[in-house]
There are 2 protein chains.
Amino acid sequence: MKPKLEDVAKLAGVSKTTASHVLNNRGYLSEKTLEKVHDAMETLNYQPNAAARQLFKQKTGLIGLIFPTVSNPFFGELVNYLEYELYQRDFKVIIGNSLQDTHKETDYLNQLLAGQVDGLILGTHNQGIAEYKYSHLPVVAIDRVMNSDIPIVESDNYKGGILATQRLINAGVTRIIHTNGPSSLETPAQRRRTAYEKVMTDYGLEPHTFTIDFRLSFAEKKQRYNELFEIYPDMEAIFVSNDVDAGIVMSIAKERGQNIPADLLVVGYDGTELMRNMVPELTTIVQPIEEMAKVAVDVLLKRISGTKTELEYILPVDLWEGETSNR
Amino acid sequence: MKPKLEDVAKLAGVSKTTASHVLNNRGYLSEKTLEKVHDAMETLNYQPNAAARQLFKQKTGLIGLIFPTVSNPFFGELVNYLEYELYQRDFKVIIGNSLQDTHKETDYLNQLLAGQVDGLILGTHNQGIAEYKYSHLPVVAIDRVMNSDIPIVESDNYKGGILATQRLINAGVTRIIHTNGPSSLETPAQRRRTAYEKVMTDYGLEPHTFTIDFRLSFAEKKQRYNELFEIYPDMEAIFVSNDVDAGIVMSIAKERGQNIPADLLVVGYDGTELMRNMVPELTTIVQPIEEMAKVAVDVLLKRISGTKTELEYILPVDLWEGETSNR
DNA sequence: TTGTAAGCGTTATCAC
DNA sequence: GTGATAACGCTTACAA
């Protein structure tokens, strides 16, 4: 069915080896042979078999990306940049959305072991999976704490937390709530919380962190954020741990008849290009998504080639000043 | 380095074949052998080599997804569902973001030919690429017109155009502008335009379609939409061809001191879960993204297995009634 | 119930 | 310059 190198060789009247040499520009070849073989490839519409090549070379040219879900703009943009960077360096990407599926993450890691991919970039929440003990493998984590031997690329979450909280305090409010994921997940994002609590207490204000799991459905999140409004009826500002949730909070506030920023200030986190363009009024902390992707790819390729790397890369964040934080 | 089946066999004191049989539950095996082999696999932490398997089986268990960019929520959600559906059926996905890169699309198609993937799901804008002549290959298009032999899955764009336009007319406005991609791209989305123009003329109103390329950057889009406001200073409503752009239009309107919906009505298109939750006030046409993904996967798998399929699958749309279309 | 041997398509070594 | 041949790791007739 599909033509193989042998068919090309036969048609061109040469041996398999010669055809292979032409295919890979190996050794010296006569003009004539070259042309004959190229012609044969053309007419047969020959494409080298990927599996056979991989089997021989012992590498696949594939990188696995495991993230909660590309339907979240932050991960969508991140994956987009990762794919771009990797494509530039001749890698394709396999993606796995691991949200609410611990098994999937394990499965993908097994694939790596099976040699189906040459490396992995992880941004998942599921922690402490046994296979992570294989820390000698080419794996890089983005914004997630992994095994201590796995390099991690993140933005400056602590600084981000400081910037956000400070911004709200500067606006003149004192009853500021922060929302974040469960502290049981030891993600770098928890440092936003630490920073928030530090700034609050430094100013003699009482920190209130409201826990909400990232992995909830939209409907569940809405319900949970409505509880937030019930629990803190007199809150003046919220520092939400991501922009999508900040959007939900704003829409709930409107539903409840509160005006932003008149009645409630809001600061988000992530600062995707999408949000900055669609909801520019939302004050948020901008993570350097493109830069994070670049660094992650650099580090991964170093790991693959056996070069030593740092274990932690912290990239700077920025404050996007919208109107949702102005009194 | 990495253990192979032979190492397992050796450690278990059996032959390669037996080990393979255990691995694949083939034939009858004694309890003892089974246990021995399993133990050996365990201690060696054995994982079968993917390339070798693929080479033998002549299939990869990989499907290629080519879309403009997963950083757009519509494609992000679509890819998310596609990955989910395919994972259920033991396929992993390779993704390619082809935005502004015709060559990439060609490259991925070549991969298919190279047997690196078992099938392709396309949602790209780049048309008329030579390789599409290989229409006997397992390829499915989502919302894109391809070669006439490639099945296409889409939502009812014409109906969507009708619903959106009718909604605005019902709100009592007459100067309604529509924005859409260049008509040179023969996408199904152009049917939204056809529908819009039909409804407008049916009501004796003058249709005005404003062309804007999807592939522009955010900055370029902003500039272009600002032109729209200059060209039609007295417009009362806009029917935008996707929600992200609708968001941009709304933010521009605010910048220009116009209130929505008091001064300007807006209807979007796509109705992603993200938008319905973050910007519920935006009236929009909801595409059945999850259903489209399911159908696309079904059709692709049929094509792969050689089963005959329809050439066109049109799924129903819904109107999401927000406040941006209420006068 | 288990083992031998051939083959999947490519590449590289080493003679010619 | 070109051509056999073995190897990559796995699977499966076919034998034993």
Side-chain angles (χ1 to χ4, degrees), chain A residues 1-41 44-62 90 110-118, chain B residues 1-41 44-62 90 110-118:
Chain A
M1 186 75 206
K2 224 174 276 175
K4 36 162 122 181
L5 201 52
E6 201 174 341
D7 301 326
V8 173
K10 221 165 261 172
L11 182 62
V14 300
S15 79
K16 236 180 11 176
T17 314
T18 307
S20 173
H21 283 167
V22 173
L23 191 59
N24 301 289
N25 289 319
R26 197 81 62 210
Y28 295 101
L29 301 158
S30 73
E31 275 296 324
K32 220 167 209 162
T33 322
L34 245 147
E35 196 181 337
K36 275 191 302 183
V37 176
H38 276 140
D39 283 358
M41 287 183 180
L44 289 178
N45 212 285
Y46 169 77
Q47 290 293 35
N49 179 289
R53 275 191 152 159
Q54 289 174 17
L55 180 56
F56 187 88
K57 300 221 156 151
Q58 300 290 58
K59 48 186 200 147
T60 61
L62 255 30
D90 288 325
N110 284 335
Q111 271 195 64
L112 175 66
L113 296 175
Q116 175 142 158
V117 297
D118 296 334
Chain B
M1 187 72 205
K2 225 175 275 177
K4 37 163 123 181
L5 200 52
E6 201 173 341
D7 301 326
V8 173
K10 221 164 261 172
L11 182 62
V14 299
S15 80
K16 235 179 13 175
T17 315
T18 308
S20 173
H21 282 167
V22 174
L23 191 60
N24 301 290
N25 290 319
R26 196 81 61 211
Y28 296 102
L29 300 158
S30 74
E31 276 295 326
K32 218 165 209 165
T33 323
L34 244 145
E35 197 182 336
K36 276 191 303 183
V37 175
H38 277 139
D39 283 358
M41 285 182 178
L44 288 179
N45 212 286
Y46 171 76
Q47 290 294 31
N49 179 289
R53 278 192 147 160
Q54 289 173 16
L55 181 56
F56 185 87
K57 302 221 156 150
Q58 299 290 58
K59 49 186 197 147
T60 61
L62 256 28
D90 289 325
N110 283 334
Q111 271 194 65
L112 176 65
L113 296 173
Q116 176 144 155
V117 296
D118 296 333

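All values derive from a computational prediction rather than experimental measurement. Chain letters run A, B, ... following the sequence lines, proteins first and then strands; every chain starts at 1.
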Q: Would you please name every residue forming a side-chain hydrogen bond (donor to acceptor under 3.5 Å, both in side chains) with A/Thr33, sequence neighbours left out?
A: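 Residues passing side-chain hydrogen bond (donor to acceptor under 3.5 Å, both in side chains) with A/Thr33: A/Ser30.
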**Q.** Pairing residues for A/Gln111 by the side-chain hydrogen bond (donor to acceptor under 3.5 Å, both in side chains) criterion, not counting sequence neighbours
**A.**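 For A/Gln111, no residue satisfies side-chain hydrogen bond (donor to acceptor under 3.5 Å, both in side chains) once neighbours in sequence are set aside.
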Give, for atom [atom1] of [X] and atom [atom2] of [Y], the distance between the pair rounded to the nearest 0.5 Å.
X: B/His21; Y: B/Thr17; atom1: NE2; atom2: OG1; result: 6.0 Å
X: A/Thr60; Y: A/Asp118; atom1: OG1; atom2: CG; result: 3.5 Å
X: B/Gln47; Y: B/Met41; atom1: CD; atom2: CE; result: 9.5 Å

(Q) Please list all pairs meeting side chain to side chain donor-acceptor pair (under 3.5 Å) that have one or both residues in residues 4-16 of chain A, counting only residues at least two apart or in different chains. (A)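 Residue pairs with at least one partner in residues 4-16 of chain A: A/Ser15-A/Thr18.
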Q.
How close do B/Pro3 and B/Leu44 get, counting heavy atoms only, and between which atoms?
A.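 Shortest heavy-atom contact: CG-O, 3.5 Å.
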Q. Between A/Leu5 and A/Tyr46, which heavy-atom pair has the shortest distance, and what is it?
A.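 Minimum heavy-atom separation between A/Leu5 and A/Tyr46: N-CE1, 3.5 Å.
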**Q.** 5′-ward residue of the pair B/Thr33/A/Ala51 relative to DNA chain C
**A.**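 So the residue in question is B/Thr33.
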Q | First encountered from the 5' end of DNA chain C, between B/Ser30 and B/Gln58 | A |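 The residue closer to the strand's 5' end, by nearest nucleotide, is B/Ser30.
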**Q.** Segment of DNA chain D, first to last nucleotide, that comes within the 4.0 Å heavy-atom reach of chain A
**A.**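 The contacted stretch runs from D/dG1 to D/dG9.
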**Q.** Helix axis bend for the helix from C/dT1-D/dA16 to C/dC16-D/dG1 - C1'-based end axes, five pairs, 10° rounding
**A.**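 If I round to tens, the end axes sit 40° apart.
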Q.
A quick test of your reading: do over 12 heavy atoms of other residues, nucleotides or ligands sit less than 6.0 Å from CD of B/Gln58?
A.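 Counting neighbours around CD of B/Gln58, more than 12 heavy atoms of other residues, nucleotides or ligands fall under 6.0 Å, so yes.
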Q.
Reading DNA chain D from 5' onward, which residue's closest nucleotide shows up sooner: A/Val14 or B/Asn49?
A.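 The 5'-side residue here is A/Val14.
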(Q) Between B/Asn24 (side chain only) and B/Arg26 (backbone N and O only), is there a donor and an acceptor less than 3.5 Å apart? (A)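 Between the backbone of B/Arg26 and the side chain of B/Asn24 there is no qualifying donor-acceptor contact (under 3.5 Å).
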(Q) Reading DNA chain C in the 5' to 3' direction, which nucleotide is the first one with an atom under 4.0 Å from a heavy atom of chain B, and which is the last? (A)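 Taking any atom under 4.0 Å from a heavy atom of chain B, the span is C/dT1 to C/dG9.
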